[in-house]
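Count residues from 1 along the sequence.
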Amino acid sequence: QYNVSWGVQVFAKYTDVDPDAAYSPFLDVPTTATFFDEIVWLADSGVSRGWAVKGGAVYRPGIEVSREVMAAFPYRLDSAIPAIRKGLTS
């Protein structure tokens with residue numbers, strides 16, 4: 001079984017996503033957050049976009065996710081898969 005951090009590293013190797021970003025794309029996700037790298041990966045890859053608010057964007061890590069919102073995650077991730085496959089074969 002692989003953990004999310006391993007997946008983030010593999011994805012980053014074959015894309016332009018930086019898993020070691022020193023910034024947070026979300027006002028409510030500090031760089032010290034437990035899942036900071038994974039949240040940055042979701043944002044950089046376009047899988048999770050957060051919510052636009054005055055002054056930036058928020059991720060709202062503590063809220064529940066509806067089924068309709070959950071459906072967007074694999075749909076958006078699917079668009080990133082060709083970049084991963086291309087990297088694996090080049």
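Checking side-chain atoms of S24 against main-chain N and O of V29 turns up a donor-acceptor pair under 3.5 Å.
Side-chain contact check for L42 versus Y59: some heavy-atom pair is nearer than 4.5 Å.
Take A57 and apply the side-chain contact (heavy atoms from CB on, under 4.5 Å) test, not counting sequence neighbours, and it matches F26.
Residues V40 and P25 come closest through the heavy atom pair CG2-CD, 3.8 Å. Nearest heavy atoms, P61 versus D28: CD-OD2, 3.3 Å.
Under the 4.5 Å side-chain heavy-atom criterion for ILVMFWY residues, no single connected hydrophobic cluster contains both I39 and V58.
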**Message:** Before you tell me yes or no, could you show the steps for I63 and W51 under side chain to side chain contact (heavy atoms under 4.5 Å, CB included), namely the whole-Å CA-CA distance, both residues' side-chain angles and the distance that decides it to 0.1 Å?
**Reply:** CA-CA 12 Å; I63 68 166; W51 287 265; 3.4 Å; yes

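A distance of 9.0 Å separates CZ in F36 from OG1 in T32, rounded to the nearest 0.5 Å.
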Enumerate, atom names and distances included, each donor-acceptor pair closer than 3.5 Å involving a side-chain atom of residues 66-77, sequence neighbours excluded.
{"from": "S66", "atom 1": "OG", "to": "V69", "atom 2": "N", "distance (Å)": "3.2"}
{"from": "R76", "atom 1": "NH1", "to": "V47", "atom 2": "O", "distance (Å)": "2.9"}

